[in-house]
Amino acid sequence: MEKIIVVGGGPAGLMAAVKAAENGSEVLLLEKMNRVGKKMLITGKGRCNITNTAQIPELIKNITGNGAFLNSTIRAFDNEDVIAFFNGLGLSTKIERGGRIFPESDKAADVVGSMLRALHRLGVKIEINQVIDHILVKDGTVCGVKTKTGKIYEGDAVILATGGASYPGTGSTGDGYTMAKNLGHSVVPIKPSLVPLETKESWIKSVQGLSLKNVKVTALADGEKIGEDFGEMLFTHFGVSGPIILSLSRVVTEQLQQGKKVELSINLKPALTPEVLDKRIQRDFEKFIRKQIKNSLHELLPAKLIDVMIGLASLEPDKEIHQVTKEERLRLVNAIEHLTLTVTKTRPIAEAIVTAGGIEVKEINPKTMESKLVKHLYFAGEVIDIDGYTGGFNLQAAFSTGAAAGQYAAWSD
């Protein structure tokens with residue numbers, strides 16, 4: 001019987017431990033925090049978006065960081081397999097907008113709990129508060145791990161699933177990169193992916209907390225379009241966040257690193273053409289003909305945005321509607337369709353949902369997740385240089401790589 005050590009109790013590590021045990025191995029899961037699954041508990045706003053219903057080519061396309069590398073592992077353990085896996089553990093799931101799959105209970109704790117019950121049933125030993133210092137290797141083959149306190153755990157294979165460097169409070173502090181480097185692996189420089197953005201405009205603070213739905217955001221670098229998304233966003237005290245901002249943040253980060261001027265152009269009414277929007281405003285103006293501009297836009301715009309939009313359109317808030325010229329009205333149309341923000345920087349990597357960068361995929365067998373440099377060393381999850389958009393794609397990658405690493409580690413000779 002193979003003895004396998006899994007380092008890291010996140011989604012990839014938990015899946016690896018389950019699959020290794022299912023394939024007949026004795027498994028020890030070592031977690032540095034005081035409990036496993038901490039980061040999973042905060043994913044999907046505490047609901048845990050476990051995967052997506054997209055077809056496999058679309059899944060891979062949405063894993064923007066080295067998605068092609070995951071072709072074998074995702075096909076071997078795809079989204080249908082993930083859903084069946086959790087359903088088999090007694091966890092009911094549901095489909096939401098955009099094909100997102102959530103537990104029916106809307107509780108991430110139920111996802112973690114179902115995996116823990118599986119681990120206990122399979123006899124997997126879990127030790128918490130174990131900080132690994134380095135992986136032990138003899139004659140080019142893994143033979144165990146050593147903790148910071150000097151304790152040695154012997155094993156026939158090690159699966160490194162320590163996560164990235166985002167949300168360090170959950171245990172993802174980049175330890176795995178150092179361990180891999182010490183064994184000769186290359187690490188692609190890490191950067192935040194799926195991260196909120198800071199903006200220059202001072203009016204942002206007056207609208208913090210405002211959530212916008214069904215808006216279109218276009219990202220521009222030196223005036224050239226680099227990305228676009230439609231959906232929900234959120235204004236914060238420092239700038240912007242929310243699903244579509246996070247999805248655009250990866251390309252924004254790349255352009256900022258190249259020193260380019262990055263702007264976000266927000267269309268508050270993307271379903272309307274400029275002409276239709278103008279007619280809509282004219283109808284509102286006719287309805288409120290005896291009021292001032294500042295008191296006539298509440299049916300068109302969120303209350304917090306009215307003063308901002310009036311200012312950006314260079315209108316006088318106290319001007320009465322019947323005095324507004326066509327030119328002024330068209331300035332308002334333009335402001336609503338091109339609300340522009342200047343991005344100054346991303347929030348720190350510690351606040352990123354996902355880390356881009358990590359262990360070089362060229363040094364990993366894409367089918368088995370085994371290191372090409374050290375025998376019986378396997379990788380799984382975010383510690384690898386893979387990252388994707390929001391919508392369940394990152395957890396799918398974690399589960400697929402974890403399943404492969406666990407299975408092939410158990411089969412190693």
Side-chain angles (χ1 to χ4, degrees), residues 2-22 25-44 46 48 50 85-86 89 91 103 107-136 142-180 182 350 355 377-384 394-395 398-399 401-403 405-406 409-410:
E2 296 289 326
K3 183 173 182 179
I4 296 172
I5 300 171
V6 179
V7 182
L14 291 172
M15 183 62 79
V18 168
K19 291 300 178 181
E22 283 183 345
S25 290
E26 178 187 344
V27 182
L28 170 64
L29 175 63
L30 301 175
E31 167 57 44
K32 69 183 292 187
M33 305 302 287
N34 60 3
R35 65 181 297 180
V36 301
K38 272 200 167 185
K39 191 171 181 181
M40 282 182 75
L41 293 173
I42 63 173
T43 60
C48 195
I50 60 175
F85 171 80
F86 283 107
L89 297 180
L91 184 79
K107 295 179 180 177
D110 290 344
V111 180
V112 177
S114 68
M115 298 190 85
L116 280 174
R117 287 191 295 275
L119 292 175
H120 291 313
R121 174 174 52 82
L122 291 163
V124 173
K125 186 178 180 182
I126 300 173
E127 291 196 19
I128 57 173
N129 300 313
Q130 295 294 334
V131 182
I132 305 305
D133 184 65
H134 62 275
I135 297 167
L136 302 173
V142 161
C143 59
V145 298
K146 186 175 183 180
T147 69
K148 293 283 187 182
T149 61
K151 187 174 182 179
I152 291 176
Y153 292 93
E154 296 180 348
D156 301 304
V158 171
I159 300 172
L160 193 62
T162 50
S166 57
Y167 290 113
T170 65
S172 297
T173 53
D175 301 358
Y177 305 137
T178 302
M179 289 184 234
N182 290 339
T355 305
L377 171 63
Y378 297 80
F379 301 105
E382 200 180 343
V383 72
I384 306 169
N394 288 292
L395 276 182
F399 292 139
T401 55

**Q** Nearest 0.5 Å please: distance from the CD1 atom of Ile5 over to the CG atom of Leu29.
**A** 11.0 Å
**Q** Measure across Gly144 and Val158 and return the closest heavy-atom pair with its distance rounded to 0.1 Å.
**A** O-CG2, 4.0 Å
**Q** Find out whether Val145 and Met179 are in side-chain contact, i.e. whether some heavy atom of one side chain is under 4.5 Å from a heavy atom of the other.
**A** no
**Q** Any non-hydrogen side-chain atom of Lys19 less than 4.5 Å from a side-chain atom of Phe399?
**A** no
**Q** So, using ring pair (Phe, Tyr, Trp, His ring centres under 6.0 Å) as the criterion, who are the partners of Phe379 when residues are at least two apart?
**A** His185
**Q** Does any non-hydrogen side-chain atom of Leu116 lie less than 4.5 Å from one of Ile126?
**A** yes
**Q** I'd like to know if Lys3 pairs up with Asp156 as an ion pair, taking the criterion as any Lys NZ or Arg NE/NH1/NH2 lying under 4.0 Å from an Asp or Glu carboxylate oxygen.
**A** no
**Q** Which heavy-atom pair separates Ile159 from Ala16 by the least distance, and what is that distance?
**A** CD1-CB, 3.9 Å
**Q** Roughly how far apart are Leu136 CG and Ile152 CD1, rounded to 0.5 Å?
**A** 5.5 Å
**Q** Less than 4.5 Å apart, side chain to side chain, heavy atoms only: is that true for Val36 and Met115?
**A** no
**Q** As a quick check of understanding, evaluate side chain to side chain contact (heavy atoms under 4.5 Å, CB included) for Leu14 and Val6, giving each step before the final call.
**A** CA-CA 8 Å; Leu14 291 172; Val6 179; over 6 Å; no
**Q** Less than 4.5 Å apart, any side-chain heavy atom of Tyr177 and any of Thr355?
**A** yes
**Q** Check side chain to side chain contact (heavy atoms under 4.5 Å, CB included) between Thr43 and all other residues, then give those that pass, not counting sequence neighbours.
**A** Cys48, Leu395
**Q** Would you check if Ile132 and Lys32 make a side-chain contact, meaning some heavy-atom pair closer than 4.5 Å?
**A** no
**Q** Check the pair Thr147, Gln130 against side chain to side chain donor-acceptor pair (under 3.5 Å), reporting the backbone distance first and the verdict last.
**A** CA-CA 7 Å; Thr147 69; Gln130 295 294 334; 4.6 Å; no
**Q** Any side-chain heavy atom of Val131 within less than 4.5 Å of one from Asp133?
**A** no
**Q** Got a second to check how far Ser114's OG is from Leu119's CG, nearest 0.5 Å?
**A** 9.5 Å
**Q** Which heavy-atom pair separates Ala118 from Leu89 by the least distance, and what is that distance?
**A** CB-CD2, 3.8 Å
**Q** For residues Thr401 and Gly381, report the shortest heavy-atom separation together with the two atoms involved.
**A** OG1-N, 2.9 Å
**Q** Please report the shortest heavy-atom distance between Ala405 and Ala380, naming the atom on each side.
**A** CB-CB, 4.2 Å
**Q** Is the shortest heavy-atom distance from the side chain of Ile4 to the side chain of Tyr378 under 4.5 Å?
**A** no
**Q** Tell me the closest heavy-atom pair linking Arg35 and Glu31, and the distance in Å.
**A** O-CG, 3.5 Å
**Q** Take a 6.0 Å sphere around CD of Glu154 and say whether it holds more than 12 heavy atoms from other residues, nucleotides or ligands.
**A** no
